[in-house]
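Heads up, the thing below is written out as structure tokens.
For this chain, numbers begin at 1 and follow the sequence in order.
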Amino acid sequence: MSSAINDATSPSFFSNKSAKIFVAGHRGLVGSAIVRKLQSLGFTNLVLRTHADLDLTRQNDVESFFAAEKPQFVILAAAKVGGIHANNTYPADFISLNLQIQTNVIDAAHRFGVTKLLFLGSSCIYPKFAPQPIPESALLTGPLEPTNEWYAIAKIAGIKMCQAYRIQHNWDAISGMPTNLYGPHDNFHPENSHVLPALMRRFHEAKVNGAKEVVVWGTGSPLREFLHVDDLADAVVFLMGSYSGLEHVNVGSGKEVTIKELAELVKEVVGFQGQLVWDSSKPDGTPRKLMDSSKLAGLGWTPKISLKEGLVGTYKWYLENVKQ
């Protein structure tokens, strides 16, 4: 089965900086970084819509938008996202809203003549006990993590939908799977945020309040991989210009850090002087979760932002933008 698309039918993404590009989900962590990257490269014709302007779960509205705007390229970063608590509480929302968004956008993009589309998934698409580091080939080889399977199944459907449209219609739809992301515009909510922004907020509040210690769940031993969202945006633009293939592509940093090392680094960046206390009665979660990004490296892309540098920039953004 050939997955190549004839270059003659797929004009280079970089050849026309005034080509119309629809970035779906441009206000989120990922979408806002992609917009910053495209603007920095001189792309001048970005089509952006807030949720109030365009509800991507409504098929008629999406079709009307594509009929009127006719973008040449689409980057699909819009999704209903959340942590374990949100996934457990609203499973119907996580499967139905994500299926609606991606089905409406991918199908309309194809029917209204979009040249190329990139769909963004998540590392949670992989089986709970996938080999480490996780290669792209691990997809659909075992059961998912039960706490976010509804979201994962929607994202897997998005990958398969892009593959199906490529096979049946010879249409250039590709997928990228990012690892754990962080950076400006992250969610720093006290209950609903992921581990890195949650740690940053807690250390900051402890510093401001003069607390003597911060208690962190678990032993600190699990290994995690983090990628700065600006590196992801760089990879997305690279893939739009350089990749046309059937298989999805992992996008990670390739570097692991223990939660303990991460906490110590965040503590240092924030400037909290107190003690770090580990509550080992609380769960650690998966011992290791690293993606194999050698395929992307083989295509010629590697990340540029170190974890320390990325944390410093993220904390600066937090201080300037998050209500204290």
Side-chain angles (χ1 to χ4, degrees), residues 29 33 83-84 122-124 126 128-134 145 147-148 177-208 211-232 234-235 250-294 296-297 302-319 322:
L29 172 67
I84 290 174
S122 155
S123 59
C124 74
Y126 291 114
K128 181 171 184 173
F129 300 110
Q132 301 288 332
I134 309 171
E145 162 58 52
T147 54
N148 57 21
M177 296 302 117
T179 187
N180 300 309
L181 301 168
Y182 73 100
H185 298 275
D186 207 339
N187 172 17
F188 292 90
H189 189 277
E191 278 88 50
N192 297 337
S193 57
H194 291 108
V195 60
L196 195 155
L199 284 171
M200 187 167 282
R201 181 179 186 125
R202 290 181 64 197
F203 282 128
H204 173 77
E205 290 178 347
K207 181 177 86 166
V208 169
K212 295 283 192 287
E213 63 179 41
V214 167
V215 178
V216 184
W217 277 26
T219 63
S221 65
L223 288 159
R224 291 293 181 271
E225 175 186 30
F226 295 95
L227 183 73
H228 193 283
V229 72
D230 287 346
D231 268 337
L232 172 65
D234 191 50
N250 285 343
V251 186
S253 64
K255 293 190 168 66
E256 291 178 289
V257 60
T258 65
I259 296 296
K260 187 171 193 302
E261 289 167 332
L262 176 70
E264 295 285 1
L265 200 52
V266 175
K267 179 185 170 204
E268 179 191 332
V269 166
V270 170
F272 173 62
Q273 301 293 326
Q275 290 294 113
L276 190 50
V277 179
W278 294 92
D279 180 0
S280 57
S281 71
K282 296 291 194 291
D284 264 337
T286 308
R288 187 183 188 207
K289 194 175 173 191
L290 174 68
M291 296 218 301
D292 179 351
S293 298
S294 57
L296 181 56
T302 49
K304 306 178 182 57
I305 302 168
S306 72
L307 184 56
K308 175 76 179 283
E309 177 194 351
L311 287 174
V312 169
T314 303
Y315 186 51
K316 182 172 183 287
W317 186 88
Y318 173 86
L319 292 174
V322 179

How far does [atom1] of [X] sit from [atom2] of [Y], to the nearest 0.5 angstrom?
| X | Y | atom1 | atom2 | value |
| --- | --- | --- | --- | --- |
| Trp317 | Phe188 | CH2 | CZ | 6.0 Å |
| Phe272 | Lys212 | CZ | NZ | 9.5 Å |
| Asp231 | Tyr182 | CG | OH | 7.5 Å |
| Phe129 | Glu145 | CZ | CD | 8.0 Å |
| Leu319 | Met200 | CG | CE | 8.5 Å |
| Glu256 | Leu307 | CD | CG | 12.5 Å |

Quick one: are [X] and [Y] in side-chain contact, heavy atoms under 4.5 Å?
| X | Y | result |
| --- | --- | --- |
| Leu311 | Leu196 | yes |
| Arg288 | Leu290 | yes |
| Arg201 | Val322 | yes |
| Glu309 | His228 | no |
| Lys308 | Val269 | yes |
| Pro197 | Asn187 | no |

_Side chains of His204 and Tyr315: any donor to acceptor distance under 3.5 Å?_
yes
Report, one line per pair, each donor and acceptor closer than 3.5 Å where one atom sits in a side chain of residues 215-227; sequence neighbours left out.
| from | atom 1 | to | atom 2 | distance (Å) |
| --- | --- | --- | --- | --- |
| Thr219 | OG1 | Ser221 | N | 3.2 |
| Thr219 | OG1 | Ser221 | OG | 2.8 |
| Thr219 | OG1 | Asp284 | OD1 | 3.4 |
| Thr219 | OG1 | Asp284 | OD2 | 2.7 |
| Arg224 | NH1 | Thr286 | O | 2.8 |
| Arg224 | NH2 | Thr286 | O | 2.8 |
| Glu225 | OE1 | Thr179 | OG1 | 3.0 |
| Glu225 | OE1 | Met291 | N | 3.0 |
| Glu225 | OE2 | Ser253 | N | 3.0 |
| Glu225 | OE2 | Gly254 | N | 2.8 |

Indicate every side-chain donor-acceptor pair of residues 259-266 with a distance under 3.5 Å to a residue at least two apart or in another chain.
| from | atom 1 | to | atom 2 | distance (Å) |
| --- | --- | --- | --- | --- |
| Glu261 | OE1 | Thr258 | N | 2.9 |
| Glu261 | OE1 | Thr258 | OG1 | 3.3 |

*Say whether, by atom type as modelled, one donor and one acceptor occur between the side chain of Gln275 and the main chain of Val277 under 3.5 angstrom.*
no
_Has Lys267 got a side-chain atom pairing as donor or acceptor with Leu276's backbone, closer than 3.5 angstrom?_
no
_The test is side-chain contact (heavy atoms from CB on, under 4.5 Å); show your working for Asn180 and His194 and say whether it passes._
CA-CA 9 Å; Asn180 300 309; His194 291 108; over 6 Å; no
How close do [X] and [Y] get, heavy atom to heavy atom, and via which atoms?
| X | Y | value |
| --- | --- | --- |
| Asn250 | Ile134 | ND2-O, 3.0 Å |
| Val214 | Ala206 | CG2-CB, 3.4 Å |
| Leu29 | Pro184 | CD1-O, 3.1 Å |
| Ser293 | Gly252 | OG-N, 2.9 Å |
| Cys124 | Asn148 | CB-ND2, 3.5 Å |

_Tell me whether the count of non-hydrogen atoms from other residues, nucleotides or ligands lying under 6.0 Å of NZ in Lys304 goes above 12._
yes
